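Note that the coordinates shown come from a computational prediction; the quantities given were computed from them, not determined experimentally. Nothing fancy with the numbering, it's 1 onward along the sequence. We count ligands from 1, going down the list as the structure has it; atoms in each ligand are counted the same way.
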Amino acid sequence: MHIVYLNGDYVPKSAAKISVYDRGLLFSDAVYEVISVIGGRLIDMGRHVARLERSLGELSINAFADWSAVAQKLVADNDLDEGLVYLQVSRGVMEERDYRWPAPETAPTIFAFAQERSLLENPMATRGMRIITRSDLRWQRCDIKTTQLLYASLMKMEAEAAGVDDVWMTRDDLVTEGTSQNAHIISHDGILISHQLDRRILPGVTRIEMLTQAKSMGLTVEERAFSIDEAKDAAEAFVSSSTLLIMPVIEIDGHKIGDGHPGERTGKIRQSYISAVQGRPSTET
Ligand code: PDD
């Protein structure tokens with residue numbers, strides 16, 4: 001992956017330079033998207049663009065680009081078959097450090113790069129993920145996809161140190177989401193429970209298509225928060241994200257979910273999700 005995008009230009013990665021005064025660097029005053037690429041096609045680009053524009057709007061960052069065209073050119077120029085495109089927009093560069101941001105006409109910093117990664121063949125899909133829970137100490141606007149990822153990074157390091165795969169975060173004893181995935185459970189009576197869209201979670205692009213597939217499989221969907229105890233008692237648990245797609249969870253805080261193996265319905269949702277996104281033109285929403 002040699003070609004990256006920076007402020008309108010496609011350049012070799014060694015030539016892409018960003019100012020030390022960039023607000024993305026100094027204040028995490030930036031938003032981003034991660035779009036999966038399967039078979040050389042961008043998955044759900046339209047929905048990623050819609051969310052990016054919403055994030056920008058919520059923070060009053062004025063940035064315009066043909067986001068889909070940028071992502072598509074990076075896939076083509078880097079000959080990417082499977083992996084992701086990362087796209088970031090910061091408010092831009094200021095003359096000196098100041099909490100207040102510069103005038104609205106300041107040019108944003110827009111960059112993007114492609115990264116190869118195996119998405120379809122992930123050993124976790126057959127072995128399942130082991131999760132621990134921790135308090136959600138992030139800010140209260142988790143619906144905006146900002147680059148303030150320090151807490152999520154700390155939690156991923158904590159998971160690694162604990163010998164598990166990831167962390168589910170909780171507020172008021174209710175599970176919000178994973179460090180970089182949405183969290184879901186299926187109850188013993190076949191109800192799929194997924195946190196409602198509010199400021200506590202990121203509105204996952206994968207979650208939208210996952211819910212559509214689950215409903216078409218006949219599952220009833222309840223969009224509400226669930227407790228750690230409810231998750232431990234569930235028949236199945238899983239996460240959704242652009243890079244993990246749909247991934248089964250088999251253990252929470254040392255407690256086995258169901259029979260301790262990836263759930264059957266989760267497996268079906270993963271398969272139908274993959275078929276659905278593969279059979280669809282890349283820019284369709
Ligand atoms: N993360 N919740 C959080 C906190 C996330 O960071 C992500 C995505 C999701 C799932 O959203 P989507 O289905 O749109 O990918 C939920 C990306 C993959 C990342 O930061 O790498």
Using a strict cut-off of 4.0 Å, indicate which atoms of ligand 1 neighbour a heavy atom of [X].
X: S241; value: 10 (C), 13 (O), 15 (O)
X: G204; value: 11 (O), 12 (P), 13 (O), 14 (O)
X: T179; value: 4 (C)
X: S242; value: 12 (P), 13 (O), 14 (O), 15 (O)
X: S240; value: 10 (C)
X: R138; value: 4 (C)
X: Y32; value: 6 (O), 19 (C), 20 (O)
X: R51; value: 11 (O), 12 (P), 14 (O)

Open item on the list: Looking at E236 and R265, would you say the former's side chain and the latter's main chain have a donor-acceptor pair under 3.5 Å?
Closed with: yes
Task: Quiz item: cation-pi between K73 and Y10, 6.0 Å / 45° - done: yes
Task: Cation-pi geometry met for R23 and F27 (6.0 Å, 45°) - done: yes
Residue and atom name of the nearest protein heavy atom (relative to [atom]), distance in Å to one decimal:
atom: atom 13 (O) of ligand 1; result: T206 OG1, 2.6 Å
atom: atom 21 (O) of ligand 1; result: V34 CG2, 3.6 Å
atom: atom 7 (C) of ligand 1; result: S180 O, 3.3 Å

TODO: Answer yes or no: are there more than 12 heavy-atom neighbours, outside E116 itself, under 6.0 Å from its atom CD?
DONE: no
Open item on the list: Check this for me: E121, atom CD, are more than 12 non-hydrogen atoms of other residues, nucleotides or ligands nearer than 6.0 Å?
Closed with: no
Task: Between CG on residue L154 and CD on residue E158, distance to nearest 0.5 Å - done: 8.0 Å
Task: Same apolar cluster: W168 and L244, side chain cutoff 4.5 Å - done: yes
TODO: Could you pull out the closest heavy-atom pair between A234 and I185, with the gap in Å?
DONE: CB-CB, 3.9 Å
Open item on the list: Between ligand 1 and D44, can you find any atom pair, the residue atom being a heavy atom, that is separated by under 4.0 Å?
Closed with: no
Open item on the list: Heavy atom to atom 8 (C) of ligand 1, shortest distance: which of K145, M210, Q181 holds it?
Closed with: K145
TODO: Could you give me the CA-CA distance, side-chain angles and deciding distance for Y273 and Q271, then say whether side chain to side chain donor-acceptor pair (under 3.5 Å) is met?
DONE: CA-CA 5 Å; Y273 171 82; Q271 278 321 313; over 6 Å; no
Open item on the list: For ligand 1 and E177, I'd like to know whether there is a polar contact (N/O to N/O, distance under 3.5 Å).
Closed with: yes
Open item on the list: Would T243 count as being in polar contact with ligand 1, using the rule that some N or O on each side must be under 3.5 angstrom apart?
Closed with: no
Task: Any side-chain donor near an acceptor of the partner, T176 and D136, under 3.5 Å - done: yes
